Amino acid sequence: MTSLRNKTLVLTGASAGIGAALAEELARAGVNLVLGARTESRLTEVRNRCRAHKVRAECLAGDVSSSNVAQELVQTAFELGDFHGFIHAAGVLAPGPSVWELNKTRFQEVFDASVIGAHQLMRHAVPLLLKRGSGLAVFFGSGAADRVQPGIGTYCAAKAAEEHLARQLAEEAPKITTVIWRPGVVETDMQREARQAEGGEAQRLRAVFTKWKRDGLLLTPQQSARGLVDLLKGDPRAYHGKVADIREI
């Protein structure tokens, strides 16, 4: 069993969905948190709910793909004490268009959230964790990384890149326990966006996501969050450099 109590983690994507649920589950487990997301009002609400569990919690609204934002998240966590690493849950779906229909700005937004954000966290956190001699890096992966899904092609490519980046970190910095977490099919804003998508591949995409909803296959954010916290409280090292899929563990 691994004790997370009194350790400090950075958590991105913390203002809604799985990220918000995960923030509260971690706080309930005694983890001190520095929360990041782009929507300040919702992020502040999550921070306050975490504080109700008698842990230290701070938040910073901004885009984690920005070096300055990532650095401030990590530095704030370091200053809270017992800095243990990060969980990168931020993501953007951009559902509906064919890959060639997505404009450069929207394409970049998807890669910024998953890949560039992950790299910026690594840049600023890994040197501190290596100096400490241990730590934790969790990257939110997805089954989308292994499949071709019309309507979310850019997201699939971004998740494949993020998962590979995590495997690189696991190999190059083995003292840091690095886990790729696939959270399952979860009822979130992303799911709702996909069911209401517009664009050249929207019809095929809506059919897939609507069926998951109709067939009762969606987990709640809380169920997914509890799955990850249970893994981290157990033996996360068993998944070092590997995918941990909630549907298989």
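Along the sequence shown, the residues carry numbers beginning at 1. The shown structure was predicted, so the numbers you read here are calculated from the model rather than taken from an experiment.
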From CA spacing to verdict: side chain to side chain contact (heavy atoms under 4.5 Å, CB included), Val10, Ile87
CA-CA 6 Å; Val10 171; Ile87 301 174; over 6 Å; no
Gln75/Gln71 under side chain to side chain donor-acceptor pair (under 3.5 Å): CA gap, chis, key distance, verdict
CA-CA 6 Å; Gln75 186 60 34; Gln71 183 176 32; over 6 Å; no
Where do Leu93 and Ile152 land on the side chain to side chain contact (heavy atoms under 4.5 Å, CB included) test, with the steps shown first?
CA-CA 7 Å; Leu93 191 63; Ile152 54 169; 3.7 Å; yes
Dump the intermediate steps for side chain to side chain contact (heavy atoms under 4.5 Å, CB included) on Asp146 and Arg182, then the final yes or no.
CA-CA 12 Å; Asp146 297 333; Arg182 291 188 177 180; 2.9 Å; yes
Hey, mind stepping through Phe111 and Tyr155 against ring pair (Phe, Tyr, Trp, His ring centres under 6.0 Å) and telling me if it holds?
CA-CA 8 Å; Phe111 267 77; Tyr155 179 79; 10.0 Å; no
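Put simply, the side chain of Arg167 does not reach to within 4.5 Å of the side chain of Lys242, judged on heavy atoms. Between Gln149 and Leu205 the shortest side-chain heavy-atom distance falls below 4.5 Å. With a 4.5 Å cut-off on side-chain heavy atoms, Pro183 and Ile246 do not count as touching. Between Leu73 and Val64, some side-chain heavy-atom pair lies under the 4.5 Å cut-off. Lys175 places none of its side-chain heavy atoms less than 4.5 Å from the side chain of Ser134. At a threshold of 4.5 Å between non-hydrogen side-chain atoms, the residues Val46 and Leu35 count as touching. The shortest distance between side-chain heavy atoms of Asn32 and Lys7 does not fall below 4.5 Å. Inter-residue side-chain proximity for Thr44 and Cys59 is flagged as met; some heavy-atom pair is nearer than 4.5 Å.
Residues Ser66 and Asn68 bring no donor and acceptor atom of their side chains to less than 3.5 Å of each other. Gln191 and Glu187 share no side-chain donor-acceptor pair at under 3.5 Å. Under the 3.5 Å distance criterion, with hydrogens and angles disregarded, a donor-acceptor pair is assigned to the side chains of Thr177 and Arg237. Under 3.5 Å, the side chains of Ser67 and His124 contain a donor-acceptor pair of N or O atoms. A donor atom on one side chain and an acceptor atom on the other are not found under 3.5 Å apart for Arg226 and Gln223. Between the side chains of His88 and Thr12, at least one donor-acceptor pair of N or O atoms lies under 3.5 Å.
Checked against Trp181 for a side chain to side chain contact (heavy atoms under 4.5 Å, CB included), the options Val243, Leu232, Leu231 give a single hit: Leu231. Checked against Phe86 for a ring-ring contact (aromatic ring centres under 6.0 Å, His included), the options Phe78, Phe139, Phe140 give a single hit: Phe139.
Salt-bridge annotation for Asp245 and Arg247: present, with a side-chain N of the basic residue lying under 4.0 Å from a carboxylate O of the acidic one. A salt bridge does not link Asp82 to Arg56: none of the charged side-chain nitrogens sits closer than 4.0 Å to a carboxylate oxygen. Comment: Glu45 does not engage Arg42 in a salt bridge, judged by the lack of any side-chain N to carboxylate O separation of less than 4.0 angstrom.
By the criterion of side-chain heavy atoms lying less than 4.5 angstrom apart, applied directly or through intervening Ile, Leu, Val, Met, Phe, Trp or Tyr residues, Leu43 is not grouped with Val55; the two fall into different hydrophobic clusters. In the hydrophobic clustering of this structure, Leu11 does not group with Leu60; members are Ile, Leu, Val, Met, Phe, Trp, Tyr whose side-chain heavy atoms approach within less than 4.5 Å, directly or through other members. In this structure, Met122 is not a member of the same hydrophobic cluster as Val115, with clusters built from ILVMFWY side-chain heavy atoms closer than 4.5 Å. If you chain together hydrophobic residues whose side chains sit under 4.5 Å apart, Leu217 and Ile249 never meet in one group. A chain of hydrophobic side-chain contacts below 4.5 Å, direct or via other Ile, Leu, Val, Met, Phe, Trp or Tyr residues, connects Leu165 to Leu169.
Of the possible donor and acceptor atoms, one in the side chain of Arg51 sits under 3.5 Å from a partner among the backbone N and O of Ala57. A side-chain donor-acceptor contact under 3.5 Å links Thr178 to the backbone of Ile176. With hydrogens and angles ignored, the 3.5 Å screen pairs no side-chain donor or acceptor of Lys54 with any backbone N or O of Cys50. Put simply, the side chain of Ser98 never gets that close to the backbone of Trp100: no donor and acceptor are under 3.5 Å apart. The main-chain N or O of Gln196 is never found under 3.5 Å from a side-chain atom of Arg206 such that the two would form a donor-acceptor pair. With Ser142 contributing its side chain and Lys159 its backbone, the two residues share no donor-acceptor pair below 3.5 Å.
To the nearest 0.5 Å, the span separating CG on Asn6 from CG on Leu80 amounts to 12.0 Å. Note that CG of Leu218 is 11.5 Å distant from OG of Ser224, once rounded to the nearest 0.5 Å. With values rounded to the nearest 0.5 angstrom, Leu9 atom CG is found 6.5 Å from Leu4 atom CG. The CD1 atom of Ile116 sits 11.0 Å away from atom CZ of Arg123, with the distance rounded to the nearest 0.5 Å. To the nearest 0.5 Å, atoms CZ (Phe107) and CG (Leu102) are separated by 7.5 Å. In this structure, CG in Leu33 is found 12.5 Å from OG1 in Thr76, a value given to the nearest 0.5 Å.
Glu109 meets the side chain to side chain donor-acceptor pair (under 3.5 Å) test with Arg38, Arg106; sequence neighbours excluded.
Counted within 6.0 Å of CD on Glu79, heavy atoms from surrounding residues, nucleotides or ligands total more than 12; the atom is thus considered enclosed. The number of heavy-atom neighbours closer than 6.0 Å to CD of Glu101, taken from other residues, nucleotides and ligands shown, is above 12.
Annotation for Ala14 and Ala37: closest pair N-CB, 3.9 Å, computed over non-hydrogen atoms.
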